[in-house]
Amino acid sequence: MVLERLGSSLYAALRKVFRAPIVDEQLVKELVRDIQRSLLQADVNVKLVLDLSKRIEERALKKKFPPGVSRREHLVKAVYEELTHFLGEKPAPLKITPGRRNLLMLVGIQGSGKTTTAAKLARYYQKRGLRTALICADTFRPGALAQLQQLAEKVNVPVYGSPKTDSATEIALEGLERFEDYDVVLIDTAGRHKDEESLIQEMRTMEKKIKPDEVILVIDGTIGQQAATQAKAFHEATPIGSIFVAKLDGSARGGGALSAVAAIGAPIRFIGTGEKIDDIESFVPSRFVGRLLGMGDLQTLIDKVREAEVEVPEKKVQAFLTGRFTLTDMYEQFKSMKSLGPLKHLLKMIPGLSYNVPEDMMEMAEDRLEKWKVIIESMTPGEREKPKIFNSSRVRRVAHGSGTSEKEVKELLKQYKVMKKMMKRFRRKGLPFLGKKFPTR
Ligand SMILES: Nc1nc2c(ncn2[C@@H]2O[C@H](COP(=O)(O)OP(=O)(O)O)[C@@H](O)[C@H]2O)c(=O)[nH]1
Ligand SMILES: [Mg+2]
């Protein structure tokens, strides 16, 4: 079966969502189908795929989502969060037991980044106050020992290797004898042999003899679907405890890593982000998914959604948009919304509205709300209900009573008219993005 790169196919699916003129049920269903296809092609377990896609669909089509968030954003957020969840919210860190030697064995194909990663991990734990050591059990690559020594030398981590010994397992055992009283010992292995079968056999034998606390599979983050095949092959030889994704610097999105995770169910705990020894990071699923989907500022979007969720009750916005619109209503609605934060902020969060309200008018609304309050309070109930009855003597009286000027009273009345007209238009046309959600009649 020809597998597609999971990351890029997911990205392509989401790009469709970003480009579609409207996000409706049909588009959601299409996206869910695309996601299913991508995951299935990456050999993700069928049940897992169905669960995941069902959750995305349910969330995306769920009637309730906060005002100020478009259906599009809501949908992307659902995909993002479900995928993150799929990768493990916070994978458990590598368990290093203090007071005894912890043995970590690195496996993976040639060139994936094992040797570099072994040195990185040794450095990582050394920085955390542990005594670390390295063993080079790669008998296949001539320069393997020298490469490891070169990396480890700079950070003073001892390396054991034996160019004369043929058996990688023998070397590993010798090294373990030498590093009896170390906290963390890392074993770097070969990634290639005369054939795949003998490589797998070597890993199997070594694992049985040395009994590592964890076997870490190193995969190259720039490869695509082969990651799943590799992961499965190694997993058959030695149960993989976790995955290290190397080379996630640059433009690699790491979609293959997701397939590997899916194929063997082992978590990613670390990623490599460069050739230098300190280029190692703990794996953060949410960040990885953002990268996978090719959206760097996904966090901003999520924050926006979260903010909207807490700040603006839908009812308030709805009342504002659908209510009768007398001066009293305007006043009441402004007053109730003011407690939720600056009016400008609120108005901007209503999709479609931000484009229709002139910026200076929003500024004004915010600045003058206090003054309006005083002016409206000086009006008679009849005047508030029917601002039409205002004539120059009423204006004069209200200005006098509120300690403002006639000009300011007239301005308020003018603003009211503009807003009333705007409300009418919304009621007639409906709000472009809110669609069904805000039946504006
Ligand atoms: N850019 C980048 N290069 C890396 C990373 N990890 C390893 N490499 C490079 O990948 C190449 C192969 O790495 P190596 O550790 O020899 O892989 P091995 O054959 O699996 O032991 C080397 O040139 C490394 O410098 C990484 O996280 N980022
Ligand atoms: Mg190597």
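Note that ligands are numbered from 1 as they come in the structure, with each ligand's atoms numbered from 1 the same way. Since this is a predicted model, take the numbers as computed values, not measurements.
Around the Mg ion (ligand 2), the protein atoms of type N, O or S that sit closer than 2.8 Å are T115 OG1.
Nearest protein heavy-atom neighbour of atom 19 (O) of ligand 1: G111 N, 2.6 Å. Nearest protein neighbour of atom 3 (N) of ligand 1, counting heavy atoms only, is E275 CG, 3.2 Å. Shortest contact from atom 16 (O) of ligand 1 to any protein heavy atom: Q147 NE2, 2.9 Å. For atom 8 (N) of ligand 1, the closest non-hydrogen atom of the protein is K247 CE, 3.9 Å. When hydrogens are left out, the protein atom nearest atom 28 (N) of ligand 1 is D249 OD1, 2.9 Å; that is the closest non-hydrogen contact.
I277 is linked by a side-chain contact (heavy atoms from CB on, under 4.5 Å) to A119, R123, V155, counting only residues two or more places apart in sequence or in another chain. With sequence neighbours left out, the salt bridge (Lys or Arg N to Asp or Glu O under 4.0 Å) criterion links E214 to R269.
Across every non-hydrogen atom of A190 and F140, the tightest pair is CB-CB, 4.1 Å. The heavy-atom pair separating A237 from M203 by the smallest distance is CB-CB, 4.4 Å. Heavy atoms only, all atoms of each residue included: A60 and V28 are closest at CB-CG1, 3.7 Å.
Of all atoms in ligand 1, numbered sequentially from 1 with element shown, those under 4.0 Å from a heavy atom of G272 are 27 (O). The ligand atoms of ligand 1 that sit less than 4.0 angstrom from a heavy atom of Q110 are 19 (O). Near T273, meaning under 4.0 Å from one of its heavy atoms, ligand 1 places the atoms 27 (O).
No side-chain donor-acceptor contact under 3.5 Å links D181 to the backbone of F179. Checking side-chain atoms of K114 against main-chain N and O of L106 turns up no donor-acceptor pair under 3.5 Å. Between the side chain of T189 and the main chain of A137, no donor-acceptor pair closer than 3.5 Å is present.
Under 4.0 angstrom from ligand 1, there are no non-hydrogen atoms of D138. Counting heavy atoms under 4.0 Å from ligand 1, residue E281 does not touch it at all. Contacts of T116 with ligand 1, taken as heavy-atom pairs under 4.0 Å, involve both backbone and side chain. Under 4.0 Å from ligand 1, the heavy atoms of I109 that appear belong solely to its backbone.
Within 6.0 Å of CZ in R128 there are more than 12 heavy atoms belonging to other residues, nucleotides or ligands.
Taking a 4.0 Å cut-off on heavy atoms, G274 registers as neighbouring ligand 1. Using a non-hydrogen distance threshold of 4.0 Å, G191 does not register as a contact of ligand 1. The shell of residues lying under 4.0 angstrom from ligand 1, judged by heavy atoms, excludes D279.
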- Item | Verdict with supporting geometry, E170 and T165, side-chain hydrogen bond (donor to acceptor under 3.5 Å, both in side chains) | CA-CA 7 Å; E170 279 304 308; T165 314; over 6 Å; no
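Taking distance alone, with nitrogen or oxygen atoms compared against 3.5 Å, T117 stays at or beyond that limit from ligand 1. Any N or O atom pair closer than 3.5 Å counts here, and G113 shares at least one such pair with ligand 1.
With salt bridges taken as basic N to acidic carboxylate O contacts below 4.0 Å, none links D51 and K54. Comment: E174 does not engage R178 in a salt bridge, judged by the lack of any side-chain N to carboxylate O separation of less than 4.0 angstrom. Comment: D220 engages K247 in a salt bridge, judged by a side-chain N to carboxylate O separation of less than 4.0 angstrom.
For residues 129-150, every residue pair satisfying the side chain to side chain donor-acceptor pair (under 3.5 Å) rule, not counting sequence neighbours, is listed here: R131-Y182.
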